[in-house]
A.B. asks: 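Questions regarding the structure given below will be posed in turn.
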Amino acid sequence: MGLALQQAKKILGNTNGNPAVGCVITQNGSMISAAHTSFNGRPHAEVNALKLIPKNLKNSKLYVTLEPCSHYGKTPPCIKEIIKKKIKKVYFSVFDPDIRSFNKSTKTLKKNKIYVNVGLNNKKIKEFYKSYFLYKNTNFPFVTAKLAISKDYFMINKKKKWITNVYSRSRVHLMRSLHDCIITSSTTIINDNPLFTCRIAGIEDRTPPIIILDRNLRLSHKLNIIKKRNSKQIIIFYNNFNRKKINILKDLGISAYKIPLNNNGNLDLKRVLIKAKKLSFSRIFLESGIKLSKSFLKMNLVNHLNIFISNDKLKRIGDDNIGSFLKKYLKNKKAKVEKVNLFNEKLISYKIK
Ligand SMILES: NC(=O)c1ccc[n+]([C@@H]2O[C@H](COP(=O)([O-])OP(=O)(O)OC[C@H]3O[C@@H](n4cnc5c(N)ncnc54)[C@H](OP(=O)(O)O)[C@@H]3O)[C@@H](O)[C@H]2O)c1
């Protein structure tokens, strides 16, 4: 089951609303097949793993991280394929919260004389599916916020574009690839002119779509993100309607949605996330400056917080100090902390909720 989880981790954030599932098949104690859910969610992991084995195998066992599906959706049910390939024993770790499948597979598998075991590695795998459970059981997607700060807590270096080193920044690219959507602000896009892509060899195609919060439609078509990224991957959330600008966006192939304001006159972040979920995004990576990040954190909308800390103090060339806010914010949180060293820099990950 540990190997099945490793398979699932490979495709996290790239399954288009479907869960990232890993599957391993063994025979006489040896692994004979391993697979995960396909890019964009189909075919499922079990079907991919079963494809690799011959028919009528004796003593075969199938290990899968999530309960196999038992309904006809866009693909036939996985249990049908499991029965067809005459698997003898099925081990799955957690039940699928999708009501079309929840607790339905065991009965059919047992009817076909297949042994079923539920719960292996359950604790670890439940943690892995936190974002999927949230997506299925609530109106909200899972939000990971990333902050890059100097040793003295500044978020902006007035003299240089970057706060952290190349290793930390690559790690951010990797994190992007494990999410299905980035959220940022028009302020960050206008000030920094970034691309927000996954620029690591081998995962460039895993750059997630981006939602830009642009209340007054301030973005210009001359910005890198508009010029260089696939327009179908750019989504604008605005409030102040401007027909001319909306038509320009439409002509560029960019979609735009109106979001209501909160009492402070900003976009309502709960409505932002609800809309993101309706657009099928389940794992959001938030990359913004101090104002938007603080708003998300204050409203308790962040599930994981990743703080990259450089080894330099910026002192007078630093701007937007988030130190006192973070100390207060983290004090009341029962966060589980993981630390990673990145060549003199530090990544501290807080599992907030
Ligand atoms: N160190 C880091 O990790 C990091 C990461 C990203 C950016 N940055 C830096 O941060 C700078 C920008 O920081 P910033 O604080 O000015 O901008 P920001 O936090 O990126 O964005 C603030 C803007 O977000 C929009 N927004 C929409 N809904 C909001 C809400 N509910 N609450 C608050 N804001 C909302 C507002 O723009 P509208 O009025 O258009 O709605 C607001 O002005 C950039 O220049 C960049 O260099 C640092």
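In listed order, ligands and their atoms are each counted from 1.
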A.B. asks: Check whether any N or O atom of S295, backbone or side chain, sits under 3.5 Å from an N or O atom of ligand 1, and answer yes or no.
C.D. replies: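 The answer is yes, given that S295 and ligand 1 share an N or O pair closer than 3.5 Å.
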
A.B. asks: Would you please say whether a donor-acceptor pair under 3.5 Å links the side chains of T75 and R42?
C.D. replies: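 No, because no side-chain N or O of T75 sits under 3.5 Å from a partner of the opposite role on R42.
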
A.B. asks: Using non-hydrogen atoms of the residue, decide whether K161 is closer than 4.0 angstrom to ligand 1.
C.D. replies: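 Outside the 4.0 Å threshold, so no.
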
A.B. asks: M155 versus ligand 1: do any nitrogen or oxygen atoms come within less than 3.5 Å of each other?
C.D. replies: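 By distance alone, the answer is yes.
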
A.B. asks: Side chains of E345 and S168: is there a donor and an acceptor less than 3.5 Å apart?
C.D. replies: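 Checked: E345/S168 side chains pair up, N/O donor to acceptor below 3.5 Å.
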
A.B. asks: Is the H304 to F142 ring centre distance short of 6.0 Å?
C.D. replies: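 Ring centroids of H304 and F142 are less than 6.0 Å from each other.
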
A.B. asks: Check the pair K161 / D192 against salt bridge (Lys or Arg N to Asp or Glu O under 4.0 Å), numbers first and verdict last.
C.D. replies: CA-CA 7 Å; K161 190 170 175 183; D192 295 3; over 6 Å; no

A.B. asks: Can you tell me the protein heavy atom closest to atom 42 (C) of ligand 1 and the distance?
C.D. replies: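 Ranking protein heavy atoms by distance from atom 42 (C) of ligand 1, first comes T187 OG1, 4.0 Å.
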
A.B. asks: Which protein non-hydrogen atom lies closest to atom 30 (C) of ligand 1, naming both residue and atom, and how far is it?
C.D. replies: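 Heavy-atom neighbour on the protein nearest atom 30 (C) of ligand 1: N266 CB, 3.5 Å.
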
A.B. asks: For ligand 1, is any non-hydrogen atom under 4.0 Å from D192's backbone (N, CA, C, O), its side chain (CB onward), both, or neither?
C.D. replies: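 The part of D192 near ligand 1 is the side chain, not the backbone.
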
A.B. asks: Establish, from distance only, whether the side-chain atoms of D152 and S150 form a donor-acceptor pair under 3.5 Å.
C.D. replies: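 The answer is yes; a qualifying pair exists.
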
A.B. asks: What part of I149, side chain from CB on, backbone N/CA/C/O, both or neither, has a heavy atom under 4.0 Å from ligand 1?
C.D. replies: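 It is neither; nothing of I149 touches ligand 1.
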
A.B. asks: Looking only at non-hydrogen atoms, which of K291, M299, K270, K294 approaches atom 16 (O) of ligand 1 most closely?
C.D. replies: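 It is K291 that holds the nearest heavy atom.
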
A.B. asks: Would you say the side-chain atoms of S101 and H71 include a donor-acceptor pair closer than 3.5 Å?
C.D. replies: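 There is such a pair between these side chains.
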
A.B. asks: Return yes when K146 approaches ligand 1 closer than 4.0 angstrom through a heavy atom, no otherwise.
C.D. replies: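 The answer is yes: ligand 1 sits under 4.0 Å from a heavy atom of K146.
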
A.B. asks: For N303 and S131, does a side-chain donor sit closer than 3.5 Å to a side-chain acceptor?
C.D. replies: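 No, because no side-chain N or O of N303 sits under 3.5 Å from a partner of the opposite role on S131.
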
A.B. asks: If I take atom CG from residue L267 and atom CG from residue N239, how far apart are they, to the nearest 0.5 angstrom?
C.D. replies: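 The distance works out to 6.5 Å.
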
A.B. asks: For ligand 1, is any non-hydrogen atom under 4.0 Å from A148's backbone (N, CA, C, O), its side chain (CB onward), both, or neither?
C.D. replies: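 Both parts.
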
A.B. asks: Given L347, which partner from the list K146, M175, E338 fulfils the side-chain contact (heavy atoms from CB on, under 4.5 Å) test?
C.D. replies: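 That would be M175; it is the only one of K146, M175, E338 passing the side-chain contact (heavy atoms from CB on, under 4.5 Å) with L347.
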
A.B. asks: Measure L147 to ligand 1 on non-hydrogen atoms and call it side chain, backbone, both or neither using the 4.0 Å cut-off.
C.D. replies: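 Under 4.0 Å from ligand 1, L147 contributes backbone atoms alone.
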
A.B. asks: Would you mind listing which atoms of ligand 1 come within a distance below 4.0 Å of any non-hydrogen atom of L269?
C.D. replies: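 Close to L269: 28 (N), 31 (N).
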
A.B. asks: Using a 4.0 Å heavy-atom cut-off, which part of L292 comes near ligand 1: side chain, backbone, both, or neither?
C.D. replies: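 L292 to ligand 1: contacts from backbone and side chain alike.
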
